[in-house]
Every structure is written in structure tokens, then in C-alpha cells.
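What follows is a set of notes on a single structure, which appears directly below.
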Protein chains: 2
Amino acid sequence: MNRRQSDRHPTGTPTLIDVAKVAGVSPITVSRALGRPELVTDATRRRVLAAVRTTGYVPNLAAGSLAGRRSRLMAIFLPTIANSIFADTVQALTDRLAEAGYQTLLGLTGYCPEQEQALLEAVLGRRPDGIVLTGTEHTQASRDCLARVGIPVVEAWDLCERPLDMLVGFSHEAVGRAVARYLLSKGYRRVSVVSIDDPRGLRRCCSLIEAMAEQGADPIAMEVLPAPATVAVGRQGFCRLLERNAAGDVVVCSSDTVAQGVLAEAASRGLSVPEHLAVMGFGDLSSAAHSHPTLTTVRVDGARIGRTIAEALLARIAEPGQARAPLRLDVGFELIVRDST
Amino acid sequence: MNRRQSDRHPTGTPTLIDVAKVAGVSPITVSRALGRPELVTDATRRRVLAAVRTTGYVPNLAAGSLAGRRSRLMAIFLPTIANSIFADTVQALTDRLAEAGYQTLLGLTGYCPEQEQALLEAVLGRRPDGIVLTGTEHTQASRDCLARVGIPVVEAWDLCERPLDMLVGFSHEAVGRAVARYLLSKGYRRVSVVSIDDPRGLRRCCSLIEAMAEQGADPIAMEVLPAPATVAVGRQGFCRLLERNAAGDVVVCSSDTVAQGVLAEAASRGLSVPEHLAVMGFGDLSSAAHSHPTLTTVRVDGARIGRTIAEALLARIAEPGQARAPLRLDVGFELIVRDST
DNA sequence: CTGTTAGCGCATTCAG
DNA sequence: CTGAATGCGCTAACAG
């Protein structure tokens, strides 16, 4: 007895077949009316849509993934969502993908390549049509995995020589150097750093330190605290710098959220910014510190990164040509100076 | 010619059958060795695992969803991820779910029930095993949809009389009243509010205003700005209050991030907190303002909410009994007083 | 403990 | 423009 579930449980989740019966057409016509309306008469499409409504049919995307070749699923891996500087990127990205009929599988990697790898192996079972990774630091197993499956991959928020596939970001070394150049031009020579333990943040800092050293500035005191970036991290890092008597003329922070903490602590100690002490941040538009009158910061256009990633992925998926056009986009950054000097 | 893809494309993605051939067992044994190891001999399991390794097999979860009854997918809907007060909740939730073999489908609703509904209809096609919604405000269509599919639903970060299914949150009205009680006890009578346009934030504020009015306090000035909550919102809202000369003795903010903006603006204008002006916030542990020495705030244990949700979902899925045990948990909140008075 | 059989719900061939 | 056949890769049910 080859009885379908829909026969057995008339009250169960309706399938294409149920809709087809109600509409008086074949199942495939229903499929087409829904997925490629241009291949179907207006009249039949309307009948199908009516049947969909009366049955309460919701297409089973797992079946669709299996039969077709697309899952309409996009995986996005972030280090964390806490006070994330990726907020604008993710919002823009998911908005565009949702618009294109894609759903978003979220993975939180905790700044840890091994965790990323574990997540990746799990998520690839879902056969996503593309994947967005934060950063360019991955285990060899992850690289092999991604090379094997051959889906479009975007590495975001960083730049590197040999990307896995596509790359949309900016140079964290360039950020560090730009900050150094700015600080030197302003006459700051005693610089300190508060950073979370995040590879990109640390690279910005190292690059800053290196550039300052080259110009003969004083050695830079650095406080590194565990992720995620919170205001508390900024406060605590700044306190430690003060205890060491090492805060200098300017505190450079790994993110705007951390900078907020430094500003708060400074205010509570009666240190005025930027007169007694300057503070620098880093982040995107919706990030904590923008529009702060006394905080100079490096702004990244996160939303643009998100939109760019979405378009790159969708374009790659649309074209049948498997040739990986090596998109490698440096979106750059912008120094936003906000002090009275 | 019933040739399987794995026959046609020896280089294509390996399937269960490929693994079975290599291991010298039947496909179902591979399936069991991977999914329910306890049903299989140690020896055969090892052979299967070795074969998995050599083939590079990754189970196709779409096929699994279709054949089995579980998708191992959980949908999580948030208003936004920008400066989210849900960060701790999401982190704890996804951590626990990942541990249990679940993957997370992310939906961003933008505080909009209609957008939530559209997302819901799309996501239900993926047949998630459960779904987590933020808040209790949903369209009737969403409610009907969820009632029909019958999967476990958790509404988070709020309380209401008739939840869809399970509920883990706290009363925003109670928060408003607690803040009112505290402010009155401290002798504040001239209160102002800066809030984003978020249903729960507004309910906290309304409840505060009502409670203050009952006690004969002055009318409360309110500035409501569009979501998402940013530091800029706090600055701008506070500026407007000052322009109206309506900031009073204490500014109550819809979130810690907003409070940060108020604090920053106050500092830049030389207003000392809490002497000239007190500021109140709201948020979870990792939120912007905690550990601020001069900010009194309402703390919510977001991580606990996340863990509770995860356990509730997993328990409901584990038990075959479809009876919806109406979990309705008030996790409460905590007033953290940080001022010198 | 292992294998056999029979679909899960849909989309891609091909025909008409 | 519509329909019929077929199988995507896997697991549930039953046998052995």
C-alpha cells in the first residue's frame, strides 16, 4: 500500500499534492506556479495560489533542497554577537539575502578557528549555497573542506594575499599605520592601548606600535583583555594603565565600545578628554562611540561591506560558470577626527 | 537505468552509499553508526568512521530532515543585532543548542510584527524543530501559523497572559514600577525619559510614568527616537531634553547603550553624574553600561534566559507527548544601584 | 546487532 | 504551456 502521508493524515502538513488536488492541476504545475510563475498561465497561477491559501500549504524547503540543487540557505559565521562591530554588516547582508529568498544560518565562532571548523563541518551538512566568514584565519581542515565543496565563500572584515575565494574588507595594518600617522601629526608621543584578545584588533595595535616605534615614539603600554568587547573591558583596561602610570597622552582602543569604557572611567576620575587625555576608537556607523564629540575614531562602512557581500554571493550563485572570479575588495576606512585641537 | 549520482560522478559529494561501500556494510548501518552509535558494534562503528574519513563524507541534513522527522534546526527571531541587549541570551541559547546538535536559523524582524510574519512563513518551510520569538506581539496570521504547525515556541524577554506556548521573560511593567519606586525613594521628582521606539522599552517607560504620576510627581518629559538603540540616540535625546529645559533631576533610558550616550553628552557639557543629574539604564550583563560607577541600572540575566529557553525547547522535543506544558517563567530583574547618595 | 524495503516532498529531466 | 516519470540522500519500520 503506497499511501502517502497526505492520504493517511488529511490533517497533517499539506503537500504539493494536496494543493494540486484542490487546484485541479498536477503537482509540478503547483511547483512552477510558486517557484517560476512566468512559466504558467495567469489563470492557473491564480487557482494555484487560491488552493495554497485554502490548504495553508508551506513548501517543504528540505525536499526542495534535495530535489533541486539550491538550499536557499546562506551561512554566516561571526565571532560573537555581543556589542558586535559587525552589526551593520549582518543587517545589510541578511536584509539583501532575505529579499532574494535566502535564509541565514548563524554560527558563533568565539574568535576560535577550531570552533569555526566544528561549526563548518556541521553547517556544510545543510548544503548552504554560500558562506560568509569573519576574518581570514582558518584551520587547514576548514580550508580543505571549503575547497572541496566549492560553494562561494566570502571572507569579510579583513584582507589577505590568498583568500579562499572572495574577500571584502580592509587592511588592519593600514588602520594601525593611519592611526600612528595621525597621532604623530598631532604631536602625541606617549601612546597606550586597550584591546580585546581579537586577532584583527591585535593586528591593528601591533601595526600601530610598529609604526610609532619607527618614528622614535615612546614604547607603548598595552592592556589586552578577553573578548567580547564591553564597556567594562575599557574601564578595566584603562584602570590598569593608570595603575601602571602608563596611560600616556592618548589611549587607543580596539573598538568604540572599549573606548566608551575608557571615556566613562576618565570622566568618573575627572580627567577631561581630549585635554588631559585623548581617546581613539574603532567601529562602524551604528557602533557605540560615533557622534561622540571628543573621540577620534576609525569608521568602517559595515553596511557597505554587507551589501557588497550579498551581491557578490548572489552574482556567483546566479552565474552557472563555476570559475571563481577572485573578488578582492578593499573597502577602506575613514579617520573621523573629533577633538578641539 | 537507475544510476545514482554517486555512480555517475565518482568525484561528486560522497553519500551514505559511498561510505557503505568503502566500509563494507549497508547504508543504514552507516546511518546508525553516525546517528545512534549505541545501536552498532564498536568494531563496525570504527570501520564506518574510517570510511567517513577517507571519503570525506558529510551527511546531507536536508535528506535527513525529509526522511526523519527532525530538522535539527531552531529558528531565532530578534528585532535587530545592533547593540542588542539580547546578546547574552543568544549566545547562551546557540551554545546550548549547538552542543545538542542543533543549528540556528536567524531572523531579524526590525521590531515589526509584519516583518516577523513574513520571515516566519519563509522559515517554517525549513520545518524547524522549534522557534524562539522576541516579545509577545505578533500578527494574528503568525499566531495561526504557529498554532497550526504545532512546534515548540518560546516567547522571550516578556510576559503575557496567554502565551503562544512557552514564555521566558519578565514584566516590563514591573521594571517601570520598580524604577519609579526607587526614584521616589531617592527623592527624585523631576524625571525625564529617553527611549527608542521599541514596544517593550515604551511599556517600561509608560509604566514608570504612570507610577510616578500616581505619587504626584511632576509630569515626565519624554524623547522617543527610532530604533536601533545607539549611543547617538542617547546623546540626541538628551540634547533635546536640555533644549526643552526638561531633563529634570534624572534621565531614565530605555537601554544601557542609550544611557551611555546621555552620560557622554552630560560629560561633554560638564554636567556631573549623579550630582547634577542622575542617569538610569537597562540591560543585561554584557551590556554597555554595567560597572559604570554612576549609573543605576536594571539588570536582566540574559544568559539565564538563553539557557532556560534552550532547555525548555530540548525537553519539549525530547518528550513524545505533544501536550504543551505551559512553561511560563518570570526570570525577574535586579536593580543595581550605583550612586554616591 | 544488521539488512531490506519503502517512502519523505519536491524539482529536474523529458514528452506532449 | 502542462504533465509523467524518476530520483535527490536519507531514515523508519520491520524483518532476520
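Throughout, a chain's letter reflects where its sequence line sits, starting with A, and its residues are numbered from 1. The figures here come from the full heavy-atom set of this structure, side chains too, leaving out hydrogens, waters and symmetry mates.
Contact check of residues 117-130 of chain A against DNA chain C (heavy atom, cut-off under 4.0 Å) returns no residues at all.
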Under the side chain to side chain contact (heavy atoms under 4.5 Å, CB included) rule, what do B/Val58 and A/Glu121 come out as? Steps first, then yes or no, please.
CA-CA 7 Å; B/Val58 178; A/Glu121 283 162 3; over 6 Å; no
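Ranking C/dC10, D/dC1, C/dT2 by closeness to the B/Thr44 side chain, first place goes to C/dT2. The nucleotide whose nearest atom lies closest to any side-chain atom of B/Ser26 is, among D/dT2, C/dG3, C/dT2, C/dG3.
Here ring-ring contact (aromatic ring centres under 6.0 Å, His included) pairs that include residues 144-169 of chain B, with residues two or more places apart or in two chains, are B/Phe86-B/Trp157, B/Trp157-B/Phe170. Residue pairs meeting the ring-ring contact (aromatic ring centres under 6.0 Å, His included) criterion with at least one partner in residues 22-72 of chain B, sequence neighbours excluded, are absent.
Taking B/Glu38 as the reference, nothing meets the side chain to side chain donor-acceptor pair (under 3.5 Å) condition, with sequence neighbours excluded. By the side-chain contact (heavy atoms from CB on, under 4.5 Å) test, A/Ala227 is found to be paired with A/Tyr111, A/Ile196, residues two or more places apart in sequence or in another chain being considered. The side chain to side chain donor-acceptor pair (under 3.5 Å) search around B/Glu99 returns B/Arg96, not counting sequence neighbours. With sequence neighbours excluded, no residue forms a salt bridge (Lys or Arg N to Asp or Glu O under 4.0 Å) with B/Asp129. Applying the salt bridge (Lys or Arg N to Asp or Glu O under 4.0 Å) test to A/Arg307 and every residue at least two apart in sequence or in another chain returns nothing.
The shortest distance between the side-chain N/O atoms of B/Thr15 and the OP1/OP2 oxygens of D/dC8 is not below 4.0 Å.
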Reading nucleotides 11-16 of chain D from the 5' end, what letters show protein touch, with B for base, S for backbone sugar-phosphate only, - for no heavy atom under 4.0 Å?
BBB---
